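Below, chains carry the letters A, B, ... as their sequence lines are ordered, and counting in each starts from 1. These numbers were taken from a predicted model, which means no experiment stands behind them. Computed from heavy atoms alone, side chains included, the values below leave out hydrogens, waters and symmetry copies.
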There are 2 protein chains.
Amino acid sequence: MTDRKPRAGQSRVTLNDVAAHVGVSAITISRALNKPALVTDSLRQRIDDAVRQLGYVPNRAARSLASARSHSVVVLVPSLSNAVFVDTLAAIHDTLYPRGYQTLIGDTRYAPQDEETLLRTYLEYNPDGILLTGFDQNDAASTLLRSADIPTVHMMELDDSGRYCVGFSQFDSGYALTRQLLDKGYRRIGFLAAQLDPRTIKRGEGYRAALREAGLYQPHREIAEAQPSSVGQGARLLDELLRQAPDCDAIFCNNDDLALGVMFECQRRHIAVPQQLAIAGFNNLEMSAWTNPALTTVATPRYAIGQVAANMLLELMAGRQPDSTTVDLGYKLLVRDST
Amino acid sequence: MTDRKPRAGQSRVTLNDVAAHVGVSAITISRALNKPALVTDSLRQRIDDAVRQLGYVPNRAARSLASARSHSVVVLVPSLSNAVFVDTLAAIHDTLYPRGYQTLIGDTRYAPQDEETLLRTYLEYNPDGILLTGFDQNDAASTLLRSADIPTVHMMELDDSGRYCVGFSQFDSGYALTRQLLDKGYRRIGFLAAQLDPRTIKRGEGYRAALREAGLYQPHREIAEAQPSSVGQGARLLDELLRQAPDCDAIFCNNDDLALGVMFECQRRHIAVPQQLAIAGFNNLEMSAWTNPALTTVATPRYAIGQVAANMLLELMAGRQPDSTTVDLGYKLLVRDST
DNA sequence: CTGTTAGCGCGTTCAC
DNA sequence: GTGAACGCGCTAACAG
């Protein structure tokens, strides 16, 4: 029956409508909803009823404007096609949502330029916190971040620059997996990488360091492909590698997708795994436990990374200092039948 | 130098700051940014410079409040671990971002209750449009949608209730794949499903219809598991199926994950594929072309669905009527060596 | 425990 | 082509 027609607006139910309905002031409704403890039980009951009855949905824009807090957290990951990041996102949501934060997901497609664009756009939402993957933001993005001055935690990698981060050492994990292959007696170990992001590159450095230490590093056993990683890519890269280094006795694939592609291609070529060629992957996809043979790989704590990073961010957003600026969650070698 | 300290606020650069810097009024800055044509070239140049120099980032909350348009679109998908939805999301972003819309992604985890919760939360952002997966919203969610009165397009499935939707017939695709197996001469065709979402169920109905038509339907060849689908689940379900129907000559797996698990398990059991047992999947994961044998499956137009749905939403948000309320994008049988 | 006042940053509306 | 006033819906700050 209200006649007021403010603008063309779709006249959503507002706090004032609820207030009028209940017969109290708007601020009381606001409090009942946000800090229920500050309101009488009976009043709160009536308010809750009215909210339900009227179908009131708070307006986040208004809340954000008035309170200078958006209750939103931006998370930028390089890919959604990679189970690693999907699991991390799930952990983040599981951690932040119960605390009243909405997660805004951005997929940078491994492109610093896209990351910058997304960041610029998402900053318009006034996020209370930001979760980033790695440290490879471009200059513009770094400037944006600095001047936005919003609590930020970096995931997946570690460094000692004082930035908050939760992850594990990519270098060490690459080194350890290579070391494991050496310990098993493999001497001509190849390395296959695609999608040359910073973490891939660091794992490659770990591989190189281990082989150099053993006096066994040979550049022609290494192939790095800038194209995205995929099973098909793994098959192609095996072909390429065997052309230039036919005598490899093991291959460290920078992730499980590639490793699976290599394994399937070996089946086609009747190369016995691991007898003629051992295969190791990275990241431990669910599937990797089920192939024949099961794939040796590195389990990375992606869910834990999301949890811990989100909790660290929660601390920062609350204005507290986390116990430590860097959290190393480690990794685990899963030695299975493919090596 | 400004002394005004309005509240505790972090004093971000605002339109007014830019205006002061350039020496014009705030509204002019606003126009220069949103409708550049309405402002002199030289002025616009100066404004752009100032914006860059000051690092001005628009405040979406304020814009949204003042204009009653949020330039945000909410997209709800049941899973991010499924390449299908990830590809659809990519298409949506590719379509909407250039048109000035930010995509807000929600993962419902195949749970209508979670979908309702997410919807409720995301409605607070005042989205200009909504993209949903399927039609299985629960009552509360449907009520929310109705009273929000926001343009909405449903993806993946088709119906004729008048709701806007873009997808393909799940029933038909399940029917067609089964029909194809029948045509190849298979007579004792099993069906494996996990994660019993509505689309899975409809494909199962297609399977049943085709077999009934041929007089070959036998309930004991069908296993439906409510747990999420995975490669490991495929291996387990094969075991279960072979117990109750050891003489199956083909299996229709409701998605490629399951099919891969079945294939790997067959390798372990030395069951020759397709000679002893044919395997078909659904959705065409990248990997499915590379296994041994390559997997017969159904290619679904997931990227196109995202594109077309986003474009339809764009029409609706612009206040126009799309040409048609329903768009059927079809599917394609990919018959490969596993059948 | 509840109400009053004021203002967050921007765009709409109507002037000029 | 540019500007002034006003208000979007909500909450901080202070009263009472």
Side-chain angles (χ1 to χ4, degrees), chain A residues 2 4-47 51 54 56-72 100 123-126 128, chain B residues 2 4-47 51 54 56-72 100 123-126 128:
Chain A
T2 54
R4 108 201 126 74
K5 191 163 62 68
R7 217 169 294 173
Q10 54 257 356
S11 80
R12 268 171 54 155
V13 177
T14 75
L15 259 195
N16 275 314
D17 297 333
V18 181
H21 189 92
V22 177
V24 295
S25 74
I27 186 68
T28 301
I29 310 291
S30 168
R31 280 199 276 252
L33 263 26
N34 296 314
K35 297 166 182 170
L38 296 183
V39 164
T40 326
D41 275 12
S42 65
L43 215 198
R44 183 150 36 82
Q45 191 52 256
R46 284 167 52 213
I47 290 177
V51 163
L54 268 46
Y56 169 68
V57 175
N59 183 324
R60 232 162 153 111
R63 175 150 94 134
S64 170
L65 245 199
S67 70
R69 307 208 48 209
S70 64
H71 297 269
S72 300
L123 246 19
E124 300 181 0
Y125 285 88
N126 255 311
D128 294 340
Chain B
T2 53
R4 111 201 123 78
K5 190 162 64 65
R7 218 170 294 173
Q10 54 257 358
S11 78
R12 268 172 53 157
V13 176
T14 75
L15 259 195
N16 274 314
D17 297 333
V18 182
H21 189 92
V22 177
V24 296
S25 74
I27 185 62
T28 301
I29 311 290
S30 168
R31 279 198 276 252
L33 262 27
N34 297 316
K35 296 166 182 169
L38 296 183
V39 165
T40 327
D41 275 11
S42 65
L43 217 198
R44 185 151 34 80
Q45 191 52 255
R46 283 166 52 212
I47 290 178
V51 163
L54 268 47
Y56 169 70
V57 175
N59 183 326
R60 228 153 155 120
R63 174 150 94 134
S64 169
L65 247 198
S67 70
R69 306 208 51 209
S70 64
H71 298 269
S72 300
L123 246 18
E124 301 181 359
Y125 286 86
N126 256 312
D128 294 340

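Between A/Leu65 atom CG and C/dG11 atom P there is a gap of 11 Å when expressed in whole angstrom units. What separates CZ of A/Arg69 from C1' of D/dG9 is a distance of 19 Å, to the nearest Å. Between the CZ atom of B/Arg44 and the C1' atom of D/dT2 there is a distance of 15 Å, rounded to whole Å. Rounded to an integer number of Å, the gap from CD of B/Glu124 to C1' of D/dG9 is 13 Å. We find that CG of B/Asn16 is positioned 13 Å from C1' of D/dA5, with the value rounded to whole Å. The distance between atom CZ of B/Arg63 and atom C1' of C/dC10, rounded to the nearest whole Å, is 10 Å. Here C/dG9 presents its P atom at 19 Å from CG of B/Asn126, a figure rounded to the nearest Å. The distance from atom CZ of A/Arg46 to atom P of C/dC1 is 16 Å, rounded to the nearest whole Å.
Here the closest non-hydrogen pair linking A/Val13 and A/Asp17 is CA-OD2, 3.3 Å. In this structure, A/Arg60 and A/His71 approach most closely via the heavy-atom pair NH2-O, 2.7 Å. The two residues A/Ala62 and B/Leu65 make their nearest non-hydrogen contact at CA-CD1, 3.9 Å. Closest approach of A/Ser72 to B/Tyr125, counting heavy atoms only: OG-OH, 2.5 Å. For the residue pair A/Val22 and A/Arg46, the shortest heavy atom distance occurs at O-NH2, 2.9 Å.
Proximity of A/Ile47 to A/Arg44: side-chain heavy atoms (C-beta onward) are nowhere separated by under 4.5 Å. Within the 4.5 Å cutoff, the side chain of A/Tyr56 has no heavy atoms near those of the A/Ile29 side chain. The shortest side-chain heavy-atom distance between B/Ile27 and B/Arg31 falls under the 4.5 Å cut-off.
The stretch residues 19-41 of chain A touches DNA chain D through A/Ile27, A/Ser30, A/Asn34, each having a heavy atom within less than 4.0 Å of the strand.
Of the candidates C/dG9, D/dT2, D/dC10, the closest approach to any side-chain atom of A/Asn59 belongs to D/dC10.
Distances shorter than 4.0 Å separate none of the side-chain N or O atoms of B/Tyr125 from OP1 or OP2 on D/dG9.
Listed for the A/Ser30 side chain is no donor-acceptor partner under 3.5 Å among the backbone atoms of A/Ala26.
Overall bending of the helix from C/dC1-D/dG16 to C/dC16-D/dG1, expressed as the angle between end axes built from five pairs apiece, is 20° (10° steps).
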